[in-house]
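Every number for a ligand or one of its atoms is a count from 1 in the order of the listing.
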Amino acid sequence: MNSPDTTVQQAKREHTRTGMSKDAFQRDLLDNLFYIQGRFREVATPHDLYMAAAYTTRDRLLARWVKSAQTFKATHARTVCYLSAEYLLGPHLASNLVNLGITETARAAAEELGMDMDALIEEEEEPGLGNGGLGRLAACFMESLATCQIPAIGYGIRYEFGIFKQAIEDGWQVEKGDNWLRNGNPWEIPRPKISFAVGFGGHTESYRDERSQVRLRWQPAFEIRGVAYDTPILGYGSQNVNLLRLWKAEASESLDLQAFNTGDYYGAVHAKIEAETLSKVLYPNDEPEAGKELRLKQQYFLVSCSMQDMIRLHLNTVGPLEGFADKFTVQLNDTHPALAVAELMRLLLDRHAMTWEEAWGITHKTFCYTNHTLLPEALETWPVSLFERLLPRHLEIIYEINRRFLDEVRMRFLGDEARVRRMSLIAEGHERRVRMAHLAVVGSHAVNGVAKLHSYLVKAMLFKDFAELWPERFHNVTNGVTPRRFVVVANPRLAKLITETCGQDDWIRDLEQLRALEPHVDDAGLQGRWQEVKRAAKQDLAQWMKQATGIELDPESMFDVQAKRIHEYKRQHLKVLHIVRCYQRIKQGQVQGLVPRTFIFGGKAAPGYFMAKLIIKLINAVAEVVNNDPQVNDWIRVAFMPDFNVKNGQRLYPAAELSEQISLAGKEASGTGNMKFSMNGALTIGTLDGANIEIREAVGPENFFLFGLTAEEVLQRQMTGYRPWEYYQNDPELKSDLDLINSGLFSHGDTQLFRPLTDNLINHDPFMVLADYRAYLECQEQVDRIYRDPERWTRMSILNVARIGYFSSDRAIREYAERIWQVGPQPVLDTEH
Ligand code: NBY
């Protein structure tokens, strides 16, 4: 330990080297440019300057990070471990500057050196280690955990290639590899000494331990290693820094040596390459793809490294493992890490010689599980045969969990074998499969959905049998998003206006304080500035779009935005039908009541999802015709923003005026984009789905554009038989819109191109686009009507922001902490004191 004297000296040294003053920042910026990039000002590239700025920022957060680690160690703090196969982090620099509270200092320091901070921020390649909402939620939660001062470790995979980059060629989505590490990653610190062996294949065997007890163990056929890479996650308005620990796969050394000894040099190198494929690439599907062996290997790799790391930490700090569940609470982000249940059992049974009862008691107390989807086809299952081959010991453990669990079911529900079959961890069929969701529910003491409606449907439908057996296990925690990234970083003008109107910036860490805006809602001064802020953001987006796509947007028109993964249940094609309707009406001269609009889409389709890719093509095909038709051009334009990711999202949310949340009721678990738009003053047009319901309640039904079937009506229609062709035949406008698409107008005469889509809508329409078409159009007319009254619109926009505080991820994290994790804050004290 340092004597008080050296601590003071260290603090002084820190202050001159990494102090928060402008001068210190400037000095360090030039130092880092020289010592890390080996460059001086005159020859530095924008990337060199970005790296220098990133290291300069990192230097300033290291003291907090170390202090956090010391504090948590000294206080034996109970720790949340968030287990997620995905973290959609977005760029770090701007958000770390905000959370350090030095945005303005850094900007001024850079400016004096003739550097433009915004240009440096633009340089950063974002780590796109996730597909969509689920991965972004994990990133928001990590930030809020630090802000709420809750000690946490996020465990994940350090994919070398994140979600693909999307280009649009001839209107089609084209995927390009996302080599995000190419230019180095200044935000991570490799920990080569923190690494674990992960086995695959082989067999299990019994043996006698030193007390002559018969025990089981697994002899894997091969092993690879997982090496830790740590990224600090800063809280806002707190000194707490949490750890994001991502695992990279490497060849295990023992394997290398063996190959060398037999003279198989090539084989040794080959084995290394093979091992490294494990963390090579993120699977780009936002719903599971059946039976991909590498995906199961990734899941086990994540889970095994993480559980071994927790056990190591526990043994190093607390000691014997009996109290494991008091030290750690582990949240499973969907079923992707559900194997952790079997892995912890294996480690406790086989490595730490516990009895089944002891091990199960701990395991069950440790885990909690969040479900993110109701779509039955999206529930993960794995063939038993694949398990047998890859994870034979885990399969045995899962069978034993199942045997004991089904006995409990039989005892509770005498003679109900149908129920036993429904609840089993193993789905019987021509191929037996392991149901990962059932493993997660049985292995956890808390299960939650991500919005009220979703959690209700989880209990009433998806896990009905389980909710009957264990009603106390089921919870709701409605999602949230971090206002730091999605307001302060993304929309600094709005943040400034809010702070000035409220007279303070406490809203940034206590979002309910946005309510202080409400008394000013009718203030003409505020309304005017509110409109200016929106206008400026629209101009920024227009400028970006022009340079990125060549498409000119008119900032005078309404910006109507749908940005999210492309999926049939999210119904981007319903939006297209609305555009086609506008187009036809304008062509026919029916422009009364219409408001000029710019329709903006953003989103990626899973590379193997044909229909989603065809929807992208359709959007771009309609855009091409609409944007090149001078007769309609003053009224409507269509733009597809390529490569929607966190960075591009940050351009979109501030500029949006209308947010499209139009999924079929009952299909969107929560949605989080809906919250980001509303937080930036967009009004929502949406169905009663996911968190839309709660957003509407919060902002007031009069400040929300509602349309469409309810979840209950959807179920009813499905039961009584839904006949989409009746809508097609009975609604002449709908018929004419679909027919126009089939006419070849949007496809240079090709009448077949969009057939798979239109035929599917007319004959099957699994997401009831046609049933909601008319209600949607009528609701859009209402939107136009209100938009023509700017004062009224602005008032609604201000009220949306004033009442959106509930949807901060800080609130969500506090609910998890209290109701699910039973963990409290552990403040880290300021190092300066
Ligand atoms: O999780 C989303 C839900 O659709 C959305 O409603 C919710 O707001 C959000 C956060 O709770 N789900 C999602 O994003 N899912 C995935 O990205 C995903 C990724 C991979 C796989 C499955 C789902 N997979 O099986 O590989």
Residue that, paired with H336, satisfies side-chain contact (heavy atoms from CB on, under 4.5 Å) out of M436, R295, Q298: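 That would be R295; it is the only one of M436, R295, Q298 passing the side-chain contact (heavy atoms from CB on, under 4.5 Å) with H336.
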Of the protein's non-hydrogen atoms, which lies at the shortest distance from [atom], and what is that distance?
| atom | value |
| --- | --- |
| atom 7 (C) of ligand 1 | G671 N, 3.7 Å |
| atom 6 (O) of ligand 1 | E668 OE1, 2.7 Å |
| atom 20 (C) of ligand 1 | N285 O, 3.1 Å |
| atom 12 (N) of ligand 1 | L134 CB, 3.9 Å |
| atom 18 (C) of ligand 1 | D286 O, 3.1 Å |

Y300 and L391, any side-chain heavy atoms less than 4.5 Å apart: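 Touching, per the 4.5 Å side-chain cut-off.
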Ring pair (Phe, Tyr, Trp, His ring centres under 6.0 Å) contacts touching residues 431-451 (sequence neighbours left out):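 Ring pair (Phe, Tyr, Trp, His ring centres under 6.0 Å) check on residues 431-451 returns H438-F466.
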Is there a polar contact between ligand 1 and [X], counting only N or O atoms under 3.5 Å apart?
| X | value |
| --- | --- |
| G133 | yes |
| L137 | no |
| K570 | no |

Within residues 127-140 or reaching into it, pairs that qualify as salt bridge (Lys or Arg N to Asp or Glu O under 4.0 Å) - sequence neighbours excluded: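 Residue pairs passing salt bridge (Lys or Arg N to Asp or Glu O under 4.0 Å), neighbours aside: none found.
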Ligand 1 contact by E86, heavy-atom criterion under 4.0 angstrom: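 The answer is yes, since E86 has a heavy atom less than 4.0 Å from ligand 1.
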Option passing side chain to side chain donor-acceptor pair (under 3.5 Å) with Q661 (candidates K570, K564, E668):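 Running side chain to side chain donor-acceptor pair (under 3.5 Å) over K570, K564, E668 with Q661 returns exactly one hit, K564.
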Aromatic ring pairing Y155/W247, orientation class (parallel under 30°, perpendicular over 60°, tilted between):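 Y155 vs W247 ring planes: parallel.
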Parallel, tilted or perpendicular: rings of F141 and Y816 (30°, 60°):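 Perpendicular, since the angle between the ring planes exceeds 60°.
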Ring pair (Phe, Tyr, Trp, His ring centres under 6.0 Å) between H578 and F599, intermediate numbers included: CA-CA 10 Å; H578 170 228; F599 300 100; 5.6 Å; yes
Quiz item: cation-pi between R571 and F767, 6.0 Å / 45°: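 So R571 doesn't make the cation-pi contact.
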Which of the atoms of ligand 1 are close to [X], meaning less than 4.0 Å from one of its heavy atoms?
| X | result |
| --- | --- |
| S670 | 6 (O), 8 (O) |
| N479 | 8 (O), 10 (C), 11 (O) |
| A669 | 6 (O) |
| Y569 | 4 (O) |

Have a look at ligand 1 and work out which part of [X], if any, has a heavy atom under 4.0 Å from it: side chain, backbone, both or neither.
| X | result |
| --- | --- |
| R565 | neither |
| R295 | side chain |
| F141 | neither |
| T373 | neither |

Option nearest atom 3 (C) of ligand 1 (shortest heavy-atom distance, choices K564, H567, H372, H336):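 The option holding the nearest heavy atom is H372.
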E431 CD: over 12 foreign heavy atoms closer than 6.0 Å: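 More than 12 within 6.0 Å, yes.
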Donor-acceptor pair, side chain of R696 and main chain of L706, under 3.5 angstrom: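 Not at all, since once roles are kept as given, no pair shorter than 3.5 Å links the two residues.
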